[in-house]
Amino acid sequence: MVAEELLGKLLVRVTDTGMTVVRINEVEAYLGVEDPACHTFGGRRTPRTETMWGPAGRAYIYLVYGLHHCLNVVTVGEGSPEAVLIRGAEIVEGRDVIRSRRGGLLPLQALTDGPGKLCQALEITRADDGVDLCSEESALSIRDDGFDSSAIRIRRLPRVGVEYAGDAAGWPLRYVSLSRV
DNA sequence: TCTAGGATCGGCT
DNA sequence: GCCGATCCTAGAT
């Protein structure tokens, strides 16, 4: 499953204010039209979700609660609107840049331990919606640095914040890497 | 055009 | 541990 493969991968962000690299350690899968918690449940196709209906490997970024951005990776491709939400990551490079963006003297882990925080830390906004994460030319890309993902222990947990989805809220589609520091 | 509600965060008790 | 902020999106009218 793609969600598990994303654990341990590097997320590389390049902006005017600096380059930052984080290692993904928490993700959540959304299974498209059959998943009541997914934005595309039942075949919904709107301007917001258009990116999810497109090719795999793109970033799907949306705004929740009018305040926070969330970063997703489109996983399947044309006609199958499935995606993986990046919930958390560990800072590899650029911690000073991230600290200045997030402000304050928060502990390192608190800078990127939620979807909204992660986007703020990496300066990800709707302007980045639809970028190709597989291209190293992109301002935002995912790379594999050879980190042995089979060595990390993965814990599967119920998803977060989707109680409204009924039974689907309990599906164990949240993957947490236990090697997080 | 209007209205309800949300894949969160941070402050307060 | 609980509650309110805040504004965009989507579906209803």
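Within every chain, numbering begins at 1; the chains are lettered A, B, ... in the order of the sequence lines, protein sequences first and strands thereafter.
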Notebook entry, point to check: Base, sugar-phosphate, or nothing for Arg87(A), non-hydrogen atoms under 4.0 angstrom?
Noted result: sugar-phosphate

Gap between atoms [atom1] and [atom2], on [X] and [N] respectively (whole Å):
{"X": "Leu118(A)", "N": "dA7(B)", "atom1": "CG", "atom2": "P", "value": "18 Å"}
{"X": "Glu50(A)", "N": "dT9(C)", "atom1": "CD", "atom2": "P", "value": "14 Å"}
{"X": "Tyr62(A)", "N": "dT8(B)", "atom1": "OH", "atom2": "P", "value": "6 Å"}
{"X": "Gln120(A)", "N": "dT6(C)", "atom1": "CD", "atom2": "C1'", "value": "15 Å"}
{"X": "Ile124(A)", "N": "dA7(B)", "atom1": "CD1", "atom2": "P", "value": "18 Å"}
{"X": "Leu106(A)", "N": "dC9(B)", "atom1": "CG", "atom2": "P", "value": "13 Å"}
{"X": "Trp171(A)", "N": "dA7(B)", "atom1": "CH2", "atom2": "P", "value": "15 Å"}
{"X": "Met52(A)", "N": "dA7(B)", "atom1": "CE", "atom2": "C1'", "value": "11 Å"}

Next item on the list: Say whether Thr17(A) and Arg101(A), considering side chains only, have a donor N or O and an acceptor N or O under 3.5 Å apart.
Entry: yes

Next item on the list: Could you check which nucleotide pairs with dA4(B) in any of the strands shown, counting Watson-Crick or G-U wobble with both distances under 3.5 Å?
Entry: dT9(C)

Margin query: By nearest atom, which of the nucleotides dC9(B), dA10(C), dT9(C) is closest to the Arg126(A) side chain?
Written below: dT9(C)

Margin query: As a test of reading the structure: which of dC8(C), dT8(B), dC9(B) is closest to the side chain of Lys117(A), going by heavy atoms?
Written below: dC9(B)

Check: So is Arg87(A) actually on top of Tyr175(A)'s ring, under 6.0 Å and inside 45° of the axis?
Finding: no

Is there a side-chain contact between [X] and the phosphate of [N], meaning an N or O under 4.0 Å from OP1 or OP2?
{"X": "Arg102(A)", "N": "dG10(B)", "value": "yes"}
{"X": "Tyr164(A)", "N": "dA7(B)", "value": "yes"}
{"X": "Arg174(A)", "N": "dA7(B)", "value": "no"}
{"X": "Arg48(A)", "N": "dA10(C)", "value": "yes"}
{"X": "Thr46(A)", "N": "dA10(C)", "value": "yes"}

Check: Are His39(A) and Tyr62(A) close enough that their ring centers fall under 6.0 Å?
Finding: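 Centroid distance His39(A)-Tyr62(A): below 6.0 Å, so yes.
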
Checklist line | Residues in contact with DNA chain C, drawn from residues 65-78 of chain A - heavy-atom cutoff 4.0 Å | finding: Tyr65(A), Gly66(A), Leu67(A)

Next item on the list: I would like to know whether Asp128(A) and Arg58(A) meet salt bridge (charged side-chain N to carboxylate O under 4.0 Å, His left out); could you show each step before the answer?
Entry: CA-CA 10 Å; Asp128(A) 297 297; Arg58(A) 300 295 179 90; over 6 Å; no

Next item on the list: Count the heavy atoms of every other residue, nucleotide or ligand shown that sit under 6.0 Å from CZ of Arg155(A), and state whether that count exceeds 12.
Entry: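 For Arg155(A), atom CZ is not crowded (no more than 12 foreign heavy atoms under 6.0 Å).
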
Note to self: Is it the case that atom CD in Glu50(A) sees more than 12 heavy atoms from other parts of the structure closer than 6.0 Å?
What the structure shows: yes

Next item on the list: Dump the intermediate steps for side chain to side chain donor-acceptor pair (under 3.5 Å) on Asp129(A) and Thr51(A), then the final yes or no.
Entry: CA-CA 7 Å; Asp129(A) 187 63; Thr51(A) 305; 2.6 Å; yes

